[in-house]
Number of protein chains: 2
Amino acid sequence: MFTSEMIASFNDLETDIYNYVITHEHEVIYMRIRELAEHTHVSTATILRFCKKVGCEGFSEFKTKLKLELKSRQSVVKSGEHAVMEFFERTLSSDQETVLEEAVQMLTQADNVLFVGIGSSGILAEYGARYFSSLGKFSMYIKDFSYPIHNRLQKNSVSIVLSVSGENSFTIKQMNRLKREGSKVISITNNKQCTTAKMSDLNLAYYMTEEYYEDTNITTQVPVIYLLETLARKLNQHEQQRNEILEDPHE
Amino acid sequence: MFTSEMIASFNDLETDIYNYVITHEHEVIYMRIRELAEHTHVSTATILRFCKKVGCEGFSEFKTKLKLELKSRQSVVKSGEHAVMEFFERTLSSDQETVLEEAVQMLTQADNVLFVGIGSSGILAEYGARYFSSLGKFSMYIKDFSYPIHNRLQKNSVSIVLSVSGENSFTIKQMNRLKREGSKVISITNNKQCTTAKMSDLNLAYYMTEEYYEDTNITTQVPVIYLLETLARKLNQHEQQRNEILEDPHE
DNA sequence: ACACCCTGTGTCAGAAATGTTACATGGGAC
DNA sequence: GTCCCATGTAACATTTCTGACACAGGGTGT
């Protein structure tokens with residue numbers, strides 16, 4: 001609320017006001033500007049100038065800010081300690097952004113997108129394919145690994161490979177096949193220390209603590225959905241921009 | 001700023017206001033109460049009542065709070081995808097907890113869980129069924145609506161119905177059929193103002209801003225995955241506790 | 001069908017508060 | 001002395017806030 005620079009810049013009268021305010025916080029938040037002026041023995045105009053000086057537009061804004069400050073001081077922050085929360089804090093603050101940008105670049109240049117995954121990752125792959133298609137990017141989910149992929153699809157395609165552990169042998173086999181056939185590969189795995197991540201052209205890792213229940217991996221997949229949706233949205237934005245430029249290069 | 005209880009308690013007009021505010025945040029903070037009233041096609045009194053409802057003493061307090069929220073947001077998160085963040089803040093802080101607990105209660109008593117959904121919600125339903133099964137709760141995803149459900153499955157079952165809009169006619173039809181056959185219904189929808197929510201025994205709503213791209217609904221489904229996983233985990237915990245008590249009633 | 005009530009909403013007037021402005025004052029610096 | 005700056009004053013404009021009331025629609029009981 002009050003930075004040290006502010007306090008340093010106060011003159012005598014303002015210091016008086018400041019002192020009064022901090023010693024009577026709980027009363028000030030209910031006062032009218034005239035009351036405060038009276039209590040501090042200054043004019044309302046001075047109070048108002050004071051408010052502006054500490055970064056408020058007016059007296060009422062000053063009061064609400066003070067009020068909020070008081071409240072936040074007494075209430076201890078909760079939430080916080082949640083795994084998923086941590087993921088979002090990481091992605092939103094750090095520069096996973098740049099990796100995402102690279103992925104979008106790659107996807108923009110592709111004519112079609114193939115999704116690969118097994119088990120629950122398979123379901124998410126299906127979701128991804130659907131979401132991408134909804135946003136206008138041709139994409140499909142490869143369910144059956146022996147399914148013959150048409151030549152047209154292999155040309156100039158990007159595959160998005162999903163795997164939590166990154167060690168599923170079927171997934172790896174399929175990824176190899178796709179690479180051999182000239183598809184670029186983006187993998188989304190829980191961490192970068194796995195075969196899938198190492199073998200792909202680009203890797204997005206989300207680093208949740210891996211959890212198991214009687215041998216099945218039950219690590220949360222919330223980040224995967226988030227990454228897939230974000231990719232699709234960014235891609236869509238990107239392509240739309242590109243189209244605008246192509247259509248009308250002078251604007 | 002807006003907790004999920006608040007949002008849930010909004011009626012039509014208030015929801016309109018809410019939607020306008022969050023889509024025009026940066027304008028609202030400069031508006032007079034009359035302007036906002038005009039833009040949202042309601043009276044100033046309604047705006048004022050709205051402000052009080054969301055925990056502000058008056059309109060000016062509302063504006064300052066909004067202003068502060070905007071500022072704090074830009075300093076922490078960078079642009080864009082804060083929508084999902086908001087969901088987590090809401091759920092983690094507020095007590096959506098109690099609704100989740102009720103759901104878990106209901107699920108504990110059921111012998112099996114049926115997942116229902118169409119389109120992308122269908123994929124998520126499949127994911128849910130798989131996740132529940134991984135955690136030891138017998139559950140299945142009903143893909144084909146004409147699929148004859150075995151009697152054994154109908155007895156003492158809970159259905160989890162997924163639908164973003166909550167208005168898909170197939171889903172509703174299927175829900176009706178399940179209800180008729182004695183299954184309890186938990187629905188997971190984007191908001192409570194929809195047929196699906198109203199018709200179910202229990203509703204979990206996540207309140208993301210609905211987004212469309214050329215008529216298809218592309219609202220984020222991150223909360224759905226989160227809710228499904230959380231349900232499964234809590235359920236598992238709960239059942240484990242119960243078993244411990246049954247096995248060894250003295251500890 | 002009717003009366004009744006309750007709730008949500010709008011309207012309006014006027015009180016109360018804030019914000020603005022122009023000007024007065026007064027004390028120091030030059 | 002006089003010029004300037006900080007402050008006070010006071011009237012006025014603007015805005016918010018309050019309260020009373022009207023009105024519509026839905027539900028309920030008779």
Side-chain angles (χ1 to χ4, degrees), chain A residues 1-2 5-21 24-70, chain B residues 1-2 5-21 24-70 191-195 197-199:
Chain A
M1 177 100 212
F2 302 106
E5 297 99 64
M6 283 177 193
I7 301 176
S9 76
F10 289 162
N11 61 26
D12 290 355
L13 269 191
E14 286 161 348
T15 313
D16 284 354
I17 302 175
Y18 170 73
N19 282 331
Y20 183 85
V21 169
H24 301 76
E25 298 169 326
H26 289 278
E27 300 149 53
V28 172
I29 55 175
Y30 295 118
M31 285 186 188
R32 323 268 154 237
I33 190 173
R34 287 184 160 78
E35 296 179 80
L36 180 57
E38 218 166 284
H39 280 106
T40 52
H41 316 295
V42 299
S43 69
T44 60
T46 306
I47 299 283
L48 212 53
R49 288 173 194 130
F50 174 81
C51 293
K52 302 237 165 100
K53 200 158 183 175
V54 298
C56 302
E57 269 183 16
F59 183 65
S60 55
E61 186 168 325
F62 175 78
K63 269 197 304 185
T64 1
K65 279 192 182 172
L66 191 62
K67 221 180 285 182
L68 284 179
E69 162 127 342
L70 292 191
Chain B
M1 179 98 212
F2 301 105
E5 294 101 61
M6 284 177 192
I7 302 177
S9 76
F10 289 163
N11 59 26
D12 291 354
L13 270 191
E14 286 161 349
T15 311
D16 284 353
I17 303 177
Y18 170 73
N19 282 330
Y20 184 85
V21 169
H24 300 77
E25 299 169 325
H26 290 277
E27 298 148 55
V28 172
I29 56 175
Y30 295 118
M31 285 186 188
R32 321 266 155 238
I33 193 173
R34 280 172 225 282
E35 296 180 80
L36 180 56
E38 217 164 285
H39 280 107
T40 51
H41 316 294
V42 301
S43 69
T44 58
T46 306
I47 300 282
L48 213 54
R49 290 172 193 133
F50 176 82
C51 294
K52 302 239 166 96
K53 198 158 184 177
V54 299
C56 301
E57 271 183 14
F59 182 66
S60 52
E61 185 169 326
F62 176 78
K63 268 197 304 185
T64 351
K65 280 191 182 174
L66 191 63
K67 220 180 286 183
L68 285 179
E69 162 131 341
L70 291 191
N191 65 64
K192 286 198 191 311
Q193 275 72 50
C194 61
T195 318
K198 285 175 189 153
M199 286 177 48

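We use all heavy atoms of the structure for the numbers below, so side chains are in, but hydrogens, waters and symmetry mates are not. Throughout, protein chains are lettered first and strands after them, A, B, ... in sequence-line order, and every chain is numbered starting at 1. Remember, it's a predicted structure, so these values are computed and weren't measured experimentally.
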**Prompt:** Would a distance-only check, ignoring hydrogens and angles, find a side-chain to backbone donor-acceptor pair under 3.5 Å from Lys53(B) to Ser9(B)?
**Reply:**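 Present.
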[X] versus [Y], closest heavy-atom pair with distance:
X: Cys51(A); Y: Gly58(A); answer: CB-O, 4.0 Å
X: Phe59(B); Y: Arg32(B); answer: CE2-C, 3.7 Å
X: Lys65(B); Y: Gly55(B); answer: NZ-O, 3.2 Å

Can you tell if the side chain of [X] reaches within under 4.5 Å of the side chain of [Y], non-hydrogen atoms only?
X: Ile33(B); Y: Ile47(B); answer: yes
X: Val42(A); Y: Phe50(A); answer: no
X: Leu48(B); Y: Thr44(B); answer: no
X: Val54(A); Y: Tyr18(A); answer: no
X: Met31(A); Y: His39(A); answer: yes

**Request:** List in chain and number order the residues that pass side chain to side chain contact (heavy atoms under 4.5 Å, CB included) with His41(A), two or more places apart in sequence or in another chain; answer none if no residue qualifies.
**Result:**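 By the side chain to side chain contact (heavy atoms under 4.5 Å, CB included) rule, His41(A) matches no residue at all.
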**Asked** side chain to side chain donor-acceptor pair (under 3.5 Å): which pairs involve residues 54-63 of chain A, sequence neighbours left out?
**Response**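 For residues 54-63 of chain A: Glu61(A)-Lys67(B).
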Which residues within [range] lie with some heavy atom under 4.0 Å of an atom in DNA chain D?
range: residues 28-42 of chain A; answer: His41(A), Val42(A)
range: residues 44-53 of chain B; answer: Leu48(B), Lys52(B)
range: residues 54-61 of chain B; answer: Gly58(B), Phe59(B), Ser60(B)

**Asked** Under 30°, 30 to 60°, or over 60°: which ring-plane class applies to Phe2(B) and Phe10(B), parallel, tilted or perpendicular?
**Response**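 Perpendicular: the ring planes of Phe2(B) and Phe10(B) meet at over 60°.
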**Asked** What are the 5'-most and 3'-most nucleotides of DNA chain C lying under 4.0 Å from any heavy atom of chain B?
**Response**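 With heavy atoms of chain B under 4.0 Å away, the range is dG8(C) to dT11(C).
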**Prompt:** When the distance from CZ of Phe62(B) to P of dT15(D) is rounded to whole Å, what number comes out?
**Reply:**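 Rounded to whole Å, this separation is 18 Å.
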